[in-house]
Asker: 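Please find one structure pasted underneath; my questions will follow.
Lettering of chains follows the sequences in order, A, B, ..., and the numbering in each one begins at 1. Worth knowing before you read on, the calculation uses all heavy atoms, side chains too, and leaves out hydrogens, waters and symmetry mates. In this text, all values refer to a predicted model and were calculated from it rather than measured experimentally.
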Number of protein chains: 2
Amino acid sequence: MDQRQALAAFGALSQETRLHIVRMLVVSGPDGMAAGAIAEKAEVSPSNVSFHLKELERAGLIAQQRESRSIIYTANYEALGGLIRFLMEDCCGGNREICAPSAAVAACCTPATKGELQ
Amino acid sequence: MDQRQALAAFGALSQETRLHIVRMLVVSGPDGMAAGAIAEKAEVSPSNVSFHLKELERAGLIAQQRESRSIIYTANYEALGGLIRFLMEDCCGGNREICAPSAAVAACCTPATKGELQ
DNA sequence: TCAATGCTTCAAGGATTATTGAAATATGGA
DNA sequence: TCCATATTTCAATAATCCTTGAAGCATTGA
């Protein structure tokens with residue numbers, strides 16, 4: 001994740017509807033969600049959700065794939081992790097005061113499957 | 001850090017000049033930098049830097065204090081750490097695939113002073 | 001008190017982003 | 001083929017954000 005991508009990602013996440021969408025897609029996992037389902041759950045119009053989904057895709061935070069009539073969107077976990085790393089390293093310079101408290105969070109998150117980390 | 005603050009912070013960091021300023025202030029540490037020095041190093045006009053500094057302050061990412069004729073700006077380490085935690089927890093739901101790779105970064109950053117972490 | 005320094009505020013303009021509803025496209029089934 | 005479904009694209013408008021230069025305020029030293 002370079003600065004260009006990070007700027008786009010920050011911009012994408014600075015909008016309430018889009019932040020909400022990313023959250024929903026992270027929760028829904030690899031199955032993702034269809035555009036219509038996202039629109040319904042986020043309570044926005046189809047054309048509006050389409051606008052925001054395009055924005056999130058342009059920023060690299062989500063991906064799409066057609067499945068029959070639906071278009072399924074999924075969160076890009078790598079990009080989200082990359083953004084967190086960018087914040088820690090490139091923005092905050094690995095400053096311990098900033099980054100260390102996050103280590104506790106990282107350590108406490110959903111247990112890893114064996115061998116998931118190398 | 002609640003969602004409202006996070007949205008503001010993301011918006012603040014989504015602009016090149018502002019991201020650059022935050023980086024400079026993190027590096028400059030508790031001494032901070034005067035507005036004029038920031039403007040010079042970032043190569044923007046005084047009034048423009050003032051506009052962006054206000055935006056960053058509004059988002060809670062930096063703080064100011066007058067020192068004689070200068071106004072000294074410093075990074076708000078707590079807010080930056082809070083934003084990283086927000087991304088990990090509230091946005092990404094503590095998802096291990098996203099957060100775990102960041103643990104390595106957190107572990108590798110500038111060594112802590114003894115007793116700095118509780 | 002006057003002038004210089006350091007910074008902010010203001011107003012105007014341009015640029016980008018968000019919202020809306022209507023029209024267009026793609027897919028699948030009758 | 002025709003229709004319904006799922007979604008996107010487009011055009012228009014509104015809203016927000018960025019940049020610029022001029023004017024204003026606060027502080028210090030002569």
Asker: Quick one: A:Gln65 CD to D:dT7 P, roughly how many Å, whole number?
Answerer: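 My rounded result for the distance is 13 Å.
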
Asker: Run the salt bridge (Lys or Arg N to Asp or Glu O under 4.0 Å) check on B:Lys54 and B:Glu57 step by step: do they pass?
Answerer: CA-CA 5 Å; B:Lys54 205 165 98 180; B:Glu57 205 190 3; over 6 Å; no

Asker: Given D:dT19, is OP1 or OP2 found less than 4.0 Å from the side-chain N or O atoms of B:His52?
Answerer: yes

Asker: Between C:dT17 atom P and A:Phe51 atom CZ, what is the distance in whole Å?
Answerer: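 Atom CZ in A:Phe51 sits about 8 Å away from atom P in C:dT17.
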
Asker: Nearest whole angstrom, please: distance from the C1' of C:dT16 to the CD of A:Glu55.
Answerer: 10 Å

Asker: Could you tell me the separation between the CD1 atom of A:Ile72 and the P atom of C:dA26, rounded to a whole number of Å?
Answerer: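 In whole Å, C:dA26 P and A:Ile72 CD1 are 19 Å from each other.
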
Asker: Looking at every strand, decide which applies to A:Ala34 at a 4.0 Å heavy-atom threshold: base, sugar-phosphate, or nothing.
Answerer: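 Answer is sugar-phosphate: A:Ala34 comes under 4.0 Å of backbone atoms only.
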
Asker: Using atom CG of B:Leu7 as one end and atom P of C:dA18 as the other, report the distance to the nearest whole Å.
Answerer: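 In whole Å, C:dA18 P lies 12 Å from B:Leu7 CG.
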
Asker: Go through D:dT27, D:dA4, D:dT8 for me and flag the one nearest to the A:Arg69 side chain.
Answerer: D:dA4

Asker: I want to verify a distance call: between C:dA18, D:dT8, C:dT9, whose nearest atom is closest to the B:Ser47 side chain?
Answerer: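 Nearest to the side chain of B:Ser47 among the choices is C:dT9.
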
Asker: Under the salt bridge (charged side-chain N to carboxylate O under 4.0 Å, His left out) test, which residues partner A:Glu89, sequence neighbours left out?
Answerer: none

Asker: Both B:Leu53 and A:Ser45 contact DNA chain C. Which one's nearest nucleotide lies toward the 5' end?
Answerer: B:Leu53

Asker: Please give, in whole Å, the distance from D:dC18 P to B:Asn48 CG?
Answerer: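 Rounded to the whole Å, the gap is 9 Å.
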
Asker: Counting only side-chain nitrogens and oxygens, does B:Gln15 get under 4.0 Å of the OP1 or OP2 atom of C:dT17?
Answerer: no

Asker: Can you measure B:Lys54 atom NZ to C:dT8 atom C1' for me and round it to whole angstrom units?
Answerer: 8 Å

Asker: Could you point out which residue of B:Leu19, B:Val26, B:Ile21 forms a side-chain contact (heavy atoms from CB on, under 4.5 Å) with B:Arg23?
Answerer: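 So the option named by the test is B:Leu19.
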
Asker: When we call it a touch if two heavy atoms are under 4.0 Å apart, what does B:Thr17 touch: a base, just sugar-phosphate, or nothing?
Answerer: nothing

Asker: Would you kindly check whether a donor in the side chain of B:Ser70 faces an acceptor in the base of C:dG6, or vice versa, at under 3.5 angstrom?
Answerer: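 Checked by distance alone, the answer is no.
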
Asker: Measure from the side-chain heavy atoms of B:Ser50 and tell me the nearest of C:dT17, C:dT8, C:dT27.
Answerer: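 Nearest listed nucleotide: C:dT8.
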
Asker: If we only count heavy atoms from C-beta on, is the A:Phe10 to B:Arg18 side-chain gap below 4.5 Å?
Answerer: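 No, side chains not in contact.
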
Asker: For B:Glu16 and D:dT19, what is the distance between atoms CD and C1' respectively, to the nearest whole Å?
Answerer: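 In whole Å, D:dT19 C1' and B:Glu16 CD are 15 Å from each other.
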
Asker: Whether B:Tyr73 contacts C:dG6 is assessed here as follows: a side-chain N or O lying under 4.0 Å from the phosphate OP1 or OP2. Is that the case?
Answerer: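 It does not, given that no N or O in the side chain of B:Tyr73 lies less than 4.0 Å from OP1 or OP2 of C:dG6.
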
Asker: Quick one, B:Ile72 and B:Met33 - any side-chain contact, counting heavy atoms below 4.5 Å?
Answerer: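 Contact flag for B:Ile72/B:Met33 side chains = no.
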
Asker: So, under a plain 3.5 Å distance rule, would you say the side chain of A:Ser68 forms a donor-acceptor pair with the base of C:dG28?
Answerer: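 Side chain to base: no pair present.
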
Asker: What's the closest nucleotide to the A:Arg18 side chain, out of D:dT8, D:dT20, C:dA18?
Answerer: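 Closest nucleotide among those given: C:dA18.
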
